[in-house]
4 protein chains.
Amino acid sequence: MSGTLNKVMLIGHLGDEVKIHYFEGGNCIARFPLATNETYTNRQTGEKVTNTDWHNVVVRNKAAEICEKYLSKGDKVYVEGRLKNRQWQGEDGNTRYTTEVHVQDFTFLTTKKESMANVQQMQETSPSQEASKVSGPVAPMDETEEEDDLPF
Amino acid sequence: MSGTLNKVMLIGHLGDEVKIHYFEGGNCIARFPLATNETYTNRQTGEKVTNTDWHNVVVRNKAAEICEKYLSKGDKVYVEGRLKNRQWQGEDGNTRYTTEVHVQDFTFLTTKKESMANVQQMQETSPSQEASKVSGPVAPMDETEEEDDLPF
Amino acid sequence: MSGTLNKVMLIGHLGDEVKIHYFEGGNCIARFPLATNETYTNRQTGEKVTNTDWHNVVVRNKAAEICEKYLSKGDKVYVEGRLKNRQWQGEDGNTRYTTEVHVQDFTFLTTKKESMANVQQMQETSPSQEASKVSGPVAPMDETEEEDDLPF
Amino acid sequence: MSGTLNKVMLIGHLGDEVKIHYFEGGNCIARFPLATNETYTNRQTGEKVTNTDWHNVVVRNKAAEICEKYLSKGDKVYVEGRLKNRQWQGEDGNTRYTTEVHVQDFTFLTTKKESMANVQQMQETSPSQEASKVSGPVAPMDETEEEDDLPF
DNA sequence: TTTT
DNA sequence: TTTT
């Protein structure tokens, strides 16, 4: 259902290290701040202005572990996902709202270690996918493999 | 400059009427809430869950006036723009943060009045553009008109 | 791997019915032409010009069957996918190239039958996903169900 | 008008140098091939497969000149634009079709010369824009400057 | 070949 | 607060 679209695409730099948190049962979530910039010239003064926007990026499970392993503060990354509003209780008892970018796909744009070569362009995987992937003899990294030759 | 990307694309329904505010000098800004839905089936219980995300959409100047004129509560619209964090002072004196979607392009997806036929697929125009458009004998609606003089 | 991005997003109308083709083994592929329009005003003559672009849309497997079942000529649809070049042998023996849009996600924008309510916003599913969906007692429609066990 | 969307977003590497062509009247067009990759693991054989897609990128006028000046074979770039079908006459007299990506926005992702720092994240400008920009005391590079202080 |  |  729905007929709606909720899509965010960012290229930016990590403002801090990736923080990962594990839940009971093995799920995990990683978070990091991502900075994007816009630059424009003030028409009155003629001076160049750079403005930074910070985005709360959230990644889950296998993708979270990959980000935690390979991304560092300052790295450039492309992330694609959806906007999600999260509300939480402030210390003063009031409800606060935060907008997060929940990642569905990403690509590292800083090339550092050759070891990370084969983990890029990761897609968020659901638990069912991961299960089947781990159990299979050859675990495909994403969903782009040709499905024609697949035995199910 | 920058080498970064900050892009949001939404298809959703207006949760309320468009509110427009005029500034001295003639600039204006319009705001409306936009709802997107995600639907999934809870694997434990088997029940279908619909979750709604609300987005603070912000439109400026000419585009704002078109939205205010043609969009109503419940209408479906495609908007494209960038994420922008705005901070404001709460009543308790604390700084609060809101994430907004600043619209650069949009398309109406609810077709109601034939009069709106020629205002769709509006692109945000910079002041310089608008100036030249108004002054010219024929005001192009977007940036694609330049191809007229090119032989392909 | 790769550090590249290949993304297409279209909202358009089907120019013809969906044609589906089944392979041995049960895989299938569906194709349909999708029209997008641009409109601009010729600056010389002042006349309004509408230009149509046609896109070769390709969908696979379960998503293909849903499109074939619910989409008809003239319907409006949002599709998201990747550009893919396909080459084929012309009758004259020369190699020809066609660019296709291979769909990863889509949303119906024409609302016709209530029966299609629960098939929209389909994501291309990998074989492993499909397997788990069909075999499981509760078939998740997309990848968002994993959040059930997470406390936020 | 239109209610349609035609959007392409690519991150890839230039497969060749930028070729620019000037028309009478000062307009110009630049072209270059852009490569994107997808990588997947063949589940039968277990071998990793990389597939490259080539895109015909087309840029116009000021943006074309910037690309010609700062982009070289092998550079990584983000381009955003629309799909456009062009037909031409083959040597055998038959009509051939080519799909091009007409760029509306781009960002260099290879950082080479500091001199290019202030030309990135360029947006395609229509002739009217360029005219007004050049004539103004301070020419904004794109449309993101704050419009609040503008006299209309 | 679509749609407004 | 929207929509299906």
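The basis for the numbers below is simple: all heavy atoms, side chains too, and nothing from hydrogens, waters or symmetry mates.
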TODO: Tell me which nucleotide among E:dT2, E:dT1, F:dT1 gets nearest to the side chain of C:Asn37.
DONE: E:dT2
TODO: Taking only the side-chain heavy atoms of B:Asp16 (C-beta and beyond), determine which of F:dT1, E:dT1, F:dT2 contains the nearest atom.
DONE: F:dT1
Distance, nearest 0.5 Å, that separates [atom1] of [X] from [atom2] of [Y]:
| X | Y | atom1 | atom2 | answer |
| --- | --- | --- | --- | --- |
| B:Met9 | A:Leu5 | CE | CG | 7.5 Å |
| B:Cys28 | B:His21 | SG | NE2 | 9.5 Å |
| B:Arg60 | B:Ile29 | CZ | CD1 | 4.5 Å |
| B:Thr52 | B:Glu38 | OG1 | CD | 9.0 Å |

TODO: Could you tell me whether the side chain of A:Arg31 reaches within less than 4.5 Å of the side chain of A:Asn56, counting heavy atoms only?
DONE: no
Open item on the list: Measuring only between side-chain heavy atoms, which start at C-beta, is C:Asp53 closer than 4.5 Å to D:Leu83?
Closed with: no
Rounded to whole angstrom units, what separation is found between the [atom1] atom of [X] and the [atom2] atom of [N]?
| X | N | atom1 | atom2 | answer |
| --- | --- | --- | --- | --- |
| D:Asn85 | E:dT1 | CG | C1' | 13 Å |
| C:Arg31 | E:dT2 | CZ | C1' | 19 Å |
| B:Leu109 | E:dT4 | CG | C1' | 13 Å |
| D:Asn6 | E:dT3 | CG | P | 18 Å |
| C:Phe32 | E:dT2 | CZ | P | 16 Å |
| C:Phe108 | F:dT4 | CZ | C1' | 14 Å |
| B:Lys73 | F:dT2 | NZ | C1' | 8 Å |
| B:Glu38 | F:dT3 | CD | C1' | 15 Å |

Open item on the list: Students often get this wrong, so: under 4.0 angstrom with heavy atoms, is C:Gly74 touching a base, only sugar-phosphate, or nothing?
Closed with: sugar-phosphate
Task: Strand contacts (DNA chain F) in residues 51-59 of chain B, 4.0 angstrom heavy-atom criterion - done: B:Thr52, B:Trp54
TODO: Taking all heavy atoms of D:Thr99 and all of D:Asn85, pick out the closest pair and write down the distance.
DONE: OG1-ND2, 3.2 Å
